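The structure under discussion appears below in the form of structure tokens.
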Number of protein chains: 2
Amino acid sequence: MGWGDLGAFGEPSKETPHLDQMAAEGMLFLDFYTANPLCSPSRAALLTGRLPVRNGFYTTNGHARNAYTPQDIVGGIPDSELLLPELLKKAGYTNKIIGKWHLGHQPQFHPLRHGFDEWFGSPNCHFGPYDNRERPNIPLYRDWEMVGRYYEDFKIDLKTGEANLTQLYLQEALDFISKQQASQQPFFLYWAIDATHAPVYASKQFLGTSQRGLYGDAVREIDDSVGKILKHLQQLGISENTFVFFTSDNGAALISAPKQGGSNGPFLCGKQTTFEGGMREPAIAWWPGHIPAGGVSHQLGSVMDLFSTSLSLAGLQPPSDRQIDGIDLLPVILQGKLIDRPIFYYRGNELMAVRAGLYKAHYWTWSNSWEEHSKGIDFCPGQSVAGVTTHTQEEHTYLPLLFHLGRDPGEKYPLSFASEEYQQAVENITGLVQQHKDTLVPGQPQLNVCDQAVMNWSPPGCEKLGKCLKAPESDPKKCSWPH
Amino acid sequence: MGWGDLGAFGEPSKETPHLDQMAAEGMLFLDFYTANPLCSPSRAALLTGRLPVRNGFYTTNGHARNAYTPQDIVGGIPDSELLLPELLKKAGYTNKIIGKWHLGHQPQFHPLRHGFDEWFGSPNCHFGPYDNRERPNIPLYRDWEMVGRYYEDFKIDLKTGEANLTQLYLQEALDFISKQQASQQPFFLYWAIDATHAPVYASKQFLGTSQRGLYGDAVREIDDSVGKILKHLQQLGISENTFVFFTSDNGAALISAPKQGGSNGPFLCGKQTTFEGGMREPAIAWWPGHIPAGGVSHQLGSVMDLFSTSLSLAGLQPPSDRQIDGIDLLPVILQGKLIDRPIFYYRGNELMAVRAGLYKAHYWTWSNSWEEHSKGIDFCPGQSVAGVTTHTQEEHTYLPLLFHLGRDPGEKYPLSFASEEYQQAVENITGLVQQHKDTLVPGQPQLNVCDQAVMNWSPPGCEKLGKCLKAPESDPKKCSWPH
């Protein structure tokens with residue numbers, strides 16, 4: 001989902017009344033970022049509070065390449081990483097993940113081995129349908145065992161776009177919340193639905209209801225579902241005791257637009273890129289009775305902050321034996337403070353850009369290669385900024401391209417290298433980069449090796465369902481990451 | 001000002017609390033249009049309820065060329081046109097224009113000859129400073145006579161961007177409203193300030209207050225001023241008796257961005273073009289006690305509707321002896337109705353595009369000429385859509401380019417000519433175009449002839465001020481309209 005996909009963020013169809021209402025009752029973050037322009041690394045960052053380059057969710061197969069966890073990936077979240085639910089357990093929380101895990105699907109990476117108590121969802125994205133010979137369909141798990149596969153037992157009709165998955169995930173959330181309220185147990189619910197990812201789907205009741213086509217139908221269903229979750233909290237009388245945060249894991253995938261991709265509003269490019277369209281996200285905090293209604297914040301925020309903020313809410317300290325990139329946003333949310341901190345824009349193993357205040361310096365620019373572009377893969381459709389949306393990896397390390405995101409949110413007008421404004425801003429950012437790089441201890445890269453043998457052939461529970469498939473022989477290879 | 005310049009429309013700095021509040025208390029129009037991508041024709045359309053091609057505010061000097069009223073223009077609003085204030089007089093209204101008139105500056109075009117009772121402002125844009133030999137500085141009028149000139153008596157510091165004009169225009173508005181309230185007279189106030197037009201200015205108290213630079217300072221001053229006007233109406237106890245509408249006369253001038261130009265949000269291109277960025281406008285209706293708070297409308301609206309709507313509010317009928325393009329929006333605003341009507345996008349003498357429902361058909365595409373483009377004049381900076389943002393005038397009359405503005409608000413993905421969707425939508429729009437062209441009676445073009453002798457050399461009142469200048473000899477020429 002992109003920054004520009006919600007009515008509150010200026011989507012011209014304005015079809016998200018529940019999220020807009022959530023913002024009106026809570027706090028809207030206008031300068032909130034994901035930790036990576038792609039799904040798996042962002043989600044790993046959210047749950048660890050650490051940049052993907054630290055927690056291992058990156059590749060060194062090529063320079064500045066995006067990578068994620070397809071089902072032939074060998075790696076996943078290392079045991080050495082401490083995940084938010086593992087820590088919250090110490091404060092008596094019950095932790096549930098509903099939806100896409102995406103931090104590795106081999107047994108050692110199972111979410112219930114990393115702090116979650118319950119799971120209903122899939123380890124990988126809902127791509128398919130596959131033939132179960134070359135490639136198995138993705139399983140859905142309930143806790144430790146699979147309960148079926150996408151397309152087979154959990155239908156997604158790619159012709160009509162119909163699938164009731166978001167409704168299943170909604171009901172699961174409502175039930176979990178009811179159970180926790182009944183048992184008076186504190187809970188952490190990670191509602192990680194995979195709509196609006198392509199192939200885009202929506203339930204029958206939402207199909208054809210949006211001005212925006214199928215993608216808009218999916219957004220409307222998410223909007224409606226969030227509304228139902230918030231209402232449920234209110235009806236159970238626990239809304240003033242429950243902190244809710246809404247955001248996304250990368251910018252809208254413009255490559256799938258207009259049928260399967262959304263909007264990044266006035267920002268440049270989309271998913272896969274380190275321009276604003278790839279990483280600035282819609283973000284709303286909601287906590288009636290605590291967050292002043294209608295608040296707006298320009299705090300530079302990150303999904304990694306949800307790690308630190310959640311710990312803070314539970315009265316816990318973040319781990320002190322490692323670098324945590326997230327910050328506690330409670331002073332921002334509750335007292336309106338602004339905390340000075342930079343935003344680092346990584347693509348794979350490369351620090352592409354850094355934002356400090358309203359300035360953003362690009363050390364590397366790249367949209368995608370000419371080879372990919374010539375195949376019709378375009379991360380910036382209809383947009384072209386000379387020297388900025390480059391199709392070769394352009395290094396600007398010694399003279400970064402600098403933009404002022406207040407005057408130029410679309411990253412179209414680099415500041416003059418000769419200006420005093422440039423020199424002051426770059427001097428400041430250079431210091432931040434130096435400090436960052438000096439202390440950086442990169443994690444073991446998890447997204448380098450792919451092997452068809454590790455795919456979801458025989459997930460636990462497959463025997464009961466008669467859904468075990470025969471794995472081919474192991475044939476580990478370097479994963480191909482063209483972007 | 002562009003669609004994307006207000007917080008309520010998704011401007012990332014969200015610096016327009018008063019206009020956002022106006023929308024929260026009133027009705028936000030998301031699909032509201034000006035009648036032309038340039039200032040003078042839009043303003044003529046607003047006050048006549050008629051397209052510029054009918055009321056004469058266009059040129060035939062070249063095909064599909066934008067034109068306006070610089071101070072060497074010979075033409076202006078014809079006497080045969082009936083302006084909104086002329087009609088409102090019949091219902092006892094006192095009419096005042098504050099700010100830029102722009103419908104011709106020769107004596108016969110004076111606003112007080114066309115229905116206004118009072119005027120404080122200028123006939124032309126605040127371009128300058130001029131030398132008063134080749135070209136006089138633009139005068140400001142109070143009613144019939146000039147009271148000074150821009151840059152001389154009404155300072156605009158182009159270096160610092162400081163000018164207190166918006167404050168003068170604000171005070172004038174507050175005073176007029178007070179006077180009308182005291183005398184219990186109904187009034188029509190056309191608060192036609194010329195901020196945020198380039199050269200952009202703001203008052204000292206707003207300079208440097210915006211994240212967006214000088215342009216944002218100007219927007220903030222407008223926002224603050226509107227807030228003060230609304231508050232004044234409330235304090236005088238007449239807010240429930242006063243209908244207020246906020247909009248702009250063309251999209252943000254991206255050619256002046258980022259220092260002097262604003263944002264058209266997710267839309268394509270800007271001022272001067274018939275893409276959405278050139279003509280879709282921010283629009284808010286406010287009338288406490290009548291308009292339900294927080295309303296949102298997808299009515300296809302036009303500045304020309306303000307003519308018909310205002311007449312309706314005053315209990316008057318629009319003239320029946322001529323074609324009126326505006327419609328009465330009261331059923332939309334008060335009862336939430338949607339009225340089926342097309343939007344016609346003209347550039348000069350050519351119907352470039354038509355919107356019906358969510359479909360927009362382009363019959364001609366043009367951004368600007370290669371010759372102008374090579375001089376650095378770019379109406380679509382950073383944007384380039386192959387076959388759409390063309391630098392030659394491309395005719396598509398027999399096979400219009402069709403966009404679905406719900407799925408594709410940015411006009412990036414023309415629908416397939418072969419699709420059923422295309423054929424149905426184009427058939428519908430073709431019928432509307434046929435009907436429109438069959439009944440169209442173009443007005444005498446007013447924007448063809450320029451003459452240095454008609455410039456503001458010796459406006460009425462110049463003697464008292466010692467500000468009369470000697471006009472050169474008359475030398476009428478075809479005006480040059482390159483865009």
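Worth knowing before you read on, the calculation uses all heavy atoms, side chains too, and leaves out hydrogens, waters and symmetry mates. Please read these numbers as outputs of a predicted model, since none were measured by experiment. The chains referred to below are lettered A, B, ... by the order of the sequence lines, with proteins before strands, and numbering in each begins at 1.
Contact tally against chain B (heavy-atom pairs below 4.5 Å) for Ser13(A), Gly7(A), Gly213(A): the top residue is Ser13(A). Of the residues considered (Gly410(B), Ala257(B), Gly265(B), Ala8(B)), Ala257(B) shows the highest number of contacts with chain A, using heavy-atom pairs under 4.5 Å. Comparing Leu405(B), Leu358(B), Asp408(B) by heavy-atom pairs within less than 4.5 Å of chain A, the highest count is held by Leu358(B). Considering only heavy-atom pairs separated by less than 4.5 Å from chain A, the leading option among Gly294(B), Ser263(B), Pro12(B) is Pro12(B). Of the listed residues Leu214(A), Val385(A), Leu30(A), the one with more heavy-atom pairs under 4.5 angstrom with chain B than any other is Leu30(A).
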**OP:** Decide yes or no on side chain to side chain contact (heavy atoms under 4.5 Å, CB included) for Arg407(A) and Gln211(B), but give the supporting numbers first.
**Re:** CA-CA 7 Å; Arg407(A) 302 193 299 263; Gln211(B) 287 191 2; over 6 Å; no
**OP:** Before giving the answer on side chain to side chain contact (heavy atoms under 4.5 Å, CB included), spell out for Lys14(B) and Leu28(A) the whole-Å C-alpha distance, their side-chain angles and the decisive distance to 0.1 Å.
**Re:** CA-CA 10 Å; Lys14(B) 210 168 173 64; Leu28(A) 196 66; 3.9 Å; yes
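Within the 4.5 angstrom heavy-atom criterion, only side-chain atoms of Tyr413(A), from C-beta onward, approach chain B. For Phe267(A), the part lying near chain B is the side chain, with the backbone staying farther off; criterion is any non-hydrogen pair under 4.5 Å. Only the side chain of Pro409(A) comes within contact range of chain B, with heavy atoms under 4.5 Å apart. Contacts between Ala386(A) and chain B at a heavy-atom distance below 4.5 Å are absent for every atom of the residue.
To the nearest 0.5 Å, atom CD of residue Gln383(B) and atom NZ of residue Lys412(A) are 5.5 Å apart. Atom NE2 of residue His404(A) and atom NZ of residue Lys259(B) lie 11.0 Å apart, to the nearest 0.5 angstrom.
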